[in-house]
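Chain identifiers are assigned alphabetically (A, B, ...) following the order of the sequence lines, protein sequences preceding nucleic acid strands; residue numbering begins at 1 within each chain.
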2 protein chains.
Amino acid sequence: MSVDPTVKRLPRAVREQQMLDAAVRVFSRLGYHAASMDEIAETAGISKPMVYAYLGTKEELFIACLHREGARLTEAVFAVLSDDMPPEQQLRRAIEEFLQFVVNHRDGWSVLHRQARGQEPFAGEIAEIRRSWIGHLTTVLARITPDVPDVTPGAYALAGAVESLADWIVEFPDRHVGRDPDLTAARLTDLILNGLPRQ
Amino acid sequence: MSVDPTVKRLPRAVREQQMLDAAVRVFSRLGYHAASMDEIAETAGISKPMVYAYLGTKEELFIACLHREGARLTEAVFAVLSDDMPPEQQLRRAIEEFLQFVVNHRDGWSVLHRQARGQEPFAGEIAEIRRSWIGHLTTVLARITPDVPDVTPGAYALAGAVESLADWIVEFPDRHVGRDPDLTAARLTDLILNGLPRQ
DNA sequence: TACTCTACTTACTCGCGCGTAAGTTTACGG
DNA sequence: CCGTAAACTTACGCGCGAGTAAGTAGAGTA
């Protein structure tokens with residue numbers, strides 16, 4: 001009696017993904033320290049020792065979240081770029097995909113961007129992930145302005161601009177232009193290429 | 001005997017500032033949760049109950065840090081602007097002062113920007129502080145481009161760009177252009193006004 | 001000199017949350 | 001159909017850190 005047929009035994013690979021899903025959810029809402037392993041386990045619909053058995057300590061679990069979500073983001077943003085695209089179009093497409101990703105994976109984005117920057121031992125980990133996709137950005141910018149000796153500061157500025165816009169879209173979902181991230185991406189691309197539209 | 005003459009009794013207002021200094025230091029290195037009240041008290045050179053007596057609970061202490069550092073930042077960035085300045089110059093000066101502030105008050109900046117975004121009950125507090133100076137930015141931008149109906153997204157993008165550049169300067173102090181935040185500010189201003197320098 | 005208010009301390013309590021020991025059930029390969 | 005390995009649980013120990021009780025000492029005031 002009281003046997004719930006929907007709760008089955010599942011293979012490890014499946015459970016691991018469920019646990020990571022739960023961990024990302026909980027970490028995104030509470031941050032690393034305020035999140036408890038008990039709550040993560042409960043959210044995953046499993047008991048706590050299973051989490052330790054599969055994903056290790058809380059610290060290892062958080063890093064696993066970081067890696068999965070970071071990989072997903074990089075994948076989503078740069079997979080759409082092909083080398084024969086004009087670099088201005090690459091730029092616009094990358095910004096589009098970035099904004100789309102954040103809107104569609106708010107929890108993952110929160111974990112990557114808001115919850116553990118500046119707190120060792122995660123700060124280094126996150127900085128490295130961020131540097132990797134800023135590196136991609138640098139390549140794109142260098143193609144647009146081959147005469148500029150070092151586009152690195154431009155890439156950092158651009159990355160920050162996109163991140164901040166993403167947060168804005170998430171914070172005011174109804175207010176942002178036409179409710180369309182792609183339009184916002186186009187506007188930002190235009191701003192970067194041409195500057196503020198004066199006169 | 002063993003009376004240390006350097007350790008005197010100090011009036012409350014002085015001690016409070018020392019405690020806030022210590023709290024900002026410790027919170028900036030460890031984040032809200034990993035920081036302990038014991039360590040903050042020790043850093044301030046005082047015993048823990050004094051912290052509770054003067055600044056209240058850990059949560060209240062953190063919020064006090066947020067308010068003090070936020071006020072300092074806003075003060076530093078916008079006090080230099082006068083209404084008769086051309087708006088392009090206001091923009092450049094504001095960016096300069098922002099970058100200077102971050103370089104000179106890294107701990108305060110870390111507390112404001114890295115350590116508690118996304119973690120209630122601080123997320124709202126921080127978002128509000130940030131919105132307030134993005135509001136100032138909006139005003140400046142609106143003067144530069146009076147034809148644009150809503151410069152809000154531009155202000156968010158710009159704010160993110162400046163924040164990200166500030167982090168970059170702090171992360172690679174030797175690599176950034178001419179080691180001079182003012183030069184970086186000028187470059188960013190130029191980028192915003194004119195776009196990427198193509199051809 | 002006594003009175004008192006403020007600055008300051010030592011020495012606790014107590015709950016929460018990480019991590020684990022030890023045991024139980026289901027699937028599945030032989 | 002049986003053994004064994006993988007999936008899964010309950011029920012803890014134990015340390016750390018927020019917050020406090022209860023008291024001491026010095027500095028201004030009458």
Rounding to 10°, can you tell me the angle the first-five-pair axis of the helix from dT1(C)-dA30(D) to dA27(C)-dT4(D) makes with its last-five-pair axis? 0°
Quick one: side chains of residues 87-94 of chain A, donor-acceptor pairs under 3.5 Å with protein atoms, not counting sequence neighbours, listed by atom name and distance.
{"from": "Gln90(A)", "atom 1": "NE2", "to": "Ser82(A)", "atom 2": "O", "distance (Å)": "2.9"}
{"from": "Arg92(A)", "atom 1": "NH1", "to": "Glu96(A)", "atom 2": "OE2", "distance (Å)": "2.6"}
{"from": "Arg93(A)", "atom 1": "NH1", "to": "Glu96(A)", "atom 2": "OE1", "distance (Å)": "2.9"}
{"from": "Arg93(A)", "atom 1": "NH1", "to": "Glu97(A)", "atom 2": "OE2", "distance (Å)": "3.1"}

Contact under 4.0 Å: Arg15(A) side-chain N or O vs dA6(D) OP1/OP2: no
Using whole Å, report how far CD1 of Ile46(B) lies from P of dT6(C). 17 Å
Close approaches to DNA chain D from residues 50-64 of chain A, in residue order (heavy atom, under 4.0 Å): Met50(A), Tyr54(A)
N/O donor to acceptor pairs below 3.5 angstrom from side-chain atoms of residues 41-49 of chain B, sequence neighbours left out:
{"from": "Thr43(B)", "atom 1": "OG1", "to": "Glu39(B)", "atom 2": "O", "distance (Å)": "2.8"}
{"from": "Lys48(B)", "atom 1": "NZ", "to": "Asp38(B)", "atom 2": "OD2", "distance (Å)": "3.4"}

Residue set satisfying salt bridge (charged side-chain N to carboxylate O under 4.0 Å, His left out) with Arg131(B), at least two apart, ordered chain then number -> Glu171(A)
Given protein heavy atoms under 4.0 Å, the one-letter contact record of nucleotides 21-30 of chain C, with B base, S sugar-phosphate only and - none, is simply B---BB----
Going by an N to O cut-off under 4.0 Å, is there a salt bridge joining Glu69(B) and Arg72(B)? yes
Contacts to DNA chain D from residues 25-36 of chain B, heavy-atom cutoff under 4.0 Å, which residues? Ala35(B), Ser36(B)
Test of understanding: with side-chain contact (heavy atoms from CB on, under 4.5 Å), list the residues that count as partners of Leu73(B), not counting sequence neighbours. Val77(B), Phe98(B), Phe101(B), Trp109(B), Leu112(B), Trp133(B)
Rounded off to whole Å, could you give me the CD1-to-C1' distance for the Ile40(B) and dA18(D) pair? 11 Å
Spell out, as yes or no, whether a donor-acceptor pair under 3.5 Å connects the side chain of Ser28(B) to the backbone of Arg25(B). yes
Could you tell me the separation between the CD atom of Glu42(A) and the C1' atom of dT9(D), rounded to a whole number of Å? 15 Å
Only pairs under 3.5 Å count here: list side-chain donor-acceptor contacts from residues 149-164 of chain A, not counting sequence neighbours, and write none if there are none.
{"from": "Asp150(A)", "atom 1": "OD1", "to": "Thr152(A)", "atom 2": "N", "distance (Å)": "2.9"}
{"from": "Asp150(A)", "atom 1": "OD1", "to": "Thr152(A)", "atom 2": "OG1", "distance (Å)": "2.6"}
{"from": "Glu163(A)", "atom 1": "OE1", "to": "Arg130(A)", "atom 2": "NH2", "distance (Å)": "3.1"}
{"from": "Glu163(A)", "atom 1": "OE2", "to": "Arg130(A)", "atom 2": "NE", "distance (Å)": "2.9"}
{"from": "Ser164(A)", "atom 1": "OG", "to": "Arg130(B)", "atom 2": "NH2", "distance (Å)": "2.9"}
{"from": "Ser164(A)", "atom 1": "OG", "to": "Tyr156(B)", "atom 2": "O", "distance (Å)": "2.7"}

Partner set under side-chain hydrogen bond (donor to acceptor under 3.5 Å, both in side chains) for Gln17(B), not counting sequence neighbours: Arg68(B)
Can you tell me how the ring of Phe62(A) sits relative to the ring of Tyr32(A), calling it parallel under 30°, perpendicular over 60° and tilted otherwise? perpendicular
Nearest non-hydrogen partners of Lys58(A) and Phe27(A), listed with the distance: CE-CE2, 4.2 Å
Using the side-chain contact (heavy atoms from CB on, under 4.5 Å) criterion, which residues pair with Arg114(A)? Sequence neighbours excluded. Ser110(A), Asp167(A), Arg117(B)
side-chain contact (heavy atoms from CB on, under 4.5 Å) partner of Arg15(B), the single match among Leu55(B), Leu10(B), Leu20(B), Val51(B): Leu10(B)
Taking side-chain contact (heavy atoms from CB on, under 4.5 Å) as the definition, give me every residue that meets it alongside Ala53(A), ordered by chain and number, with sequence neighbours left out. none
